[in-house]
Amino acid sequence: MAESEKDQIIRKLKAENKGLQEQIAYLRRKLFDHKSEVLNPNQTSLFEKENSVFNEPEQTGDQSSSASNQVRPKKSKKKTRREKVNSKVPVRVTIIKTADGKCPAGHSGIKPIGTRYVREEFHFIPARAYLEKIYEQTYKCEQCAHDTATSGLFKPLVPPALFPHSLASVSLVAEIIHDKFVLGVPLYRQLSEIRRLGYQTSEATLANWVNKSAQQLLPLYEEIHWHLCAALITCKVMKLQSKF
């Protein structure tokens with residue numbers, strides 16, 4: 001290779017190297033150099049309004065210098081306490097009275113003349129469990145015994161159990177189904193809470209209750225499903241008829 005060709009290649013590589021170095025320097029300046037914020041040298045805290053880090057807004061090429069073109073964020077209306085509590089929540093009114101029925105000076109014979117609003121509190125009552133022992137009362141009708149020449153004994157009609165030979169109640173099974181399918185709580189996690197309340201059972205028992213409940217509710221589900229499908233078909237037919 002001639003000496004002149006080598007010199008040309010060297011000059012070309014040097015020019016490419018210089019161009020790459022300029023690009024690297026430009027990118028470094030864009031990434032790491034100071035921006036256009038105006039800093040307050042006497043600032044002491046990031047969150048104090050008087051000594052904040054930025055005392056002037058940053059202006060870029062895409063922003064307009066006119067204040068009229070700046071979009072101000074809309075402030076959401078602050079909700080009052082009445083809007084935070086559902087109107088269907090039951091309300092209990094508590095009036096604080098004197099413990100001994102006397103004034104601070106110890107005089108009796110005081111009488112109330114009014115009340116003054118103090119505050120509101122939202123209360124929560126944790127789950128409580130109890131065991132219900134159900135008995136049926138036996139009665140005797142003297143008139144029936146005289147008229148029919150029998151003992152005249154009778155018993156009232158007892159509501160059937162939700163599941164025969166089981167401790168399951170409507171409230172307990174409803175809570176299990178609600179927690180599983182509405183709150184997404186698995187049965188094994190519900191089991192620990194039920195055991196803590198005093199009922200020692202198994203996860204298989206809870207699953208069996210859920211399955212039996214589904215079987216009992218299946219006719220109701222199918223009836224609702226049929227009515228919804230019929231209503232949907234009627235709406236579609238009416239919508240098609242309105243086009244003609």
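Tracing side-chain contacts under 4.5 Å through hydrophobic residues (I, L, V, M, F, W, Y), one never reaches Leu206 starting from Leu217; they form parts of separate clusters. Leu191 and Tyr199 end up in the same hydrophobic cluster when Ile, Leu, Val, Met, Phe, Trp and Tyr side chains are linked at under 4.5 Å.
For residues 213-222, no residue pair satisfies the side-chain hydrogen bond (donor to acceptor under 3.5 Å, both in side chains) rule, not counting sequence neighbours. Counting only residues at least two apart or on different chains, the salt bridge (charged side-chain N to carboxylate O under 4.0 Å, His left out) pairs with a member in residues 191-215 are Glu193-Arg196. Evaluation of the side-chain hydrogen bond (donor to acceptor under 3.5 Å, both in side chains) test over residues 150-163, restricted to residues two or more places apart or in two chains, returns Glu136-Lys155, Thr148-Thr150. The ring-ring contact (aromatic ring centres under 6.0 Å, His included) contacts involving residues 131-162 comprise Tyr139-Phe154, where partners must be two or more places apart or lie in separate chains.
With sequence neighbours left out, His107 forms a side chain to side chain donor-acceptor pair (under 3.5 Å) with no residue at all. In this structure Glu142 satisfies the side chain to side chain donor-acceptor pair (under 3.5 Å) test with no other residue, sequence neighbours excluded. Not counting sequence neighbours, the partners of Leu13 by the side chain to side chain contact (heavy atoms under 4.5 Å, CB included) test are Ile9, Glu16. With sequence neighbours excluded, no residue satisfies ring-ring contact (aromatic ring centres under 6.0 Å, His included) with Tyr188. Taking His123 as the reference, Glu121 meet the side chain to side chain donor-acceptor pair (under 3.5 Å) condition, with sequence neighbours excluded.
One finds the OG atom of Ser202 at 9.0 Å from the CG atom of Asn208 (value rounded to the nearest 0.5 Å). Interatomic distance, CG of Leu228 versus NE2 of His225, reported as 7.5 Å (0.5 Å rounding).
Hydrophobic cluster of Tyr26: the remaining members, joined at side-chain heavy-atom separations below 4.5 Å, are Leu27, listed by chain and number.
The shortest distance between side-chain heavy atoms of Leu187 and Gln190 falls below 4.5 Å.
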Which atom pairs, one a donor and one an acceptor, fall under 3.5 Å between side chains of residues 165-183 and the rest of the protein, sequence neighbours left out?
unit_1	atom_1	unit_2	atom_2	d
Ser166	OG	Ala168	N	3.1
Ser166	OG	Trp209	NE1	3.3
Ser169	OG	Ser171	OG	3.2
Ser169	OG	Leu172	N	3.3

Under 3.5 Å, which donor-acceptor pairs do the side chains of residues 88-104 form with other protein atoms, sequence neighbours left out?
unit_1	atom_1	unit_2	atom_2	d
Thr98	OG1	Gly101	N	3.3
Asp100	OD1	Lys102	N	3.2

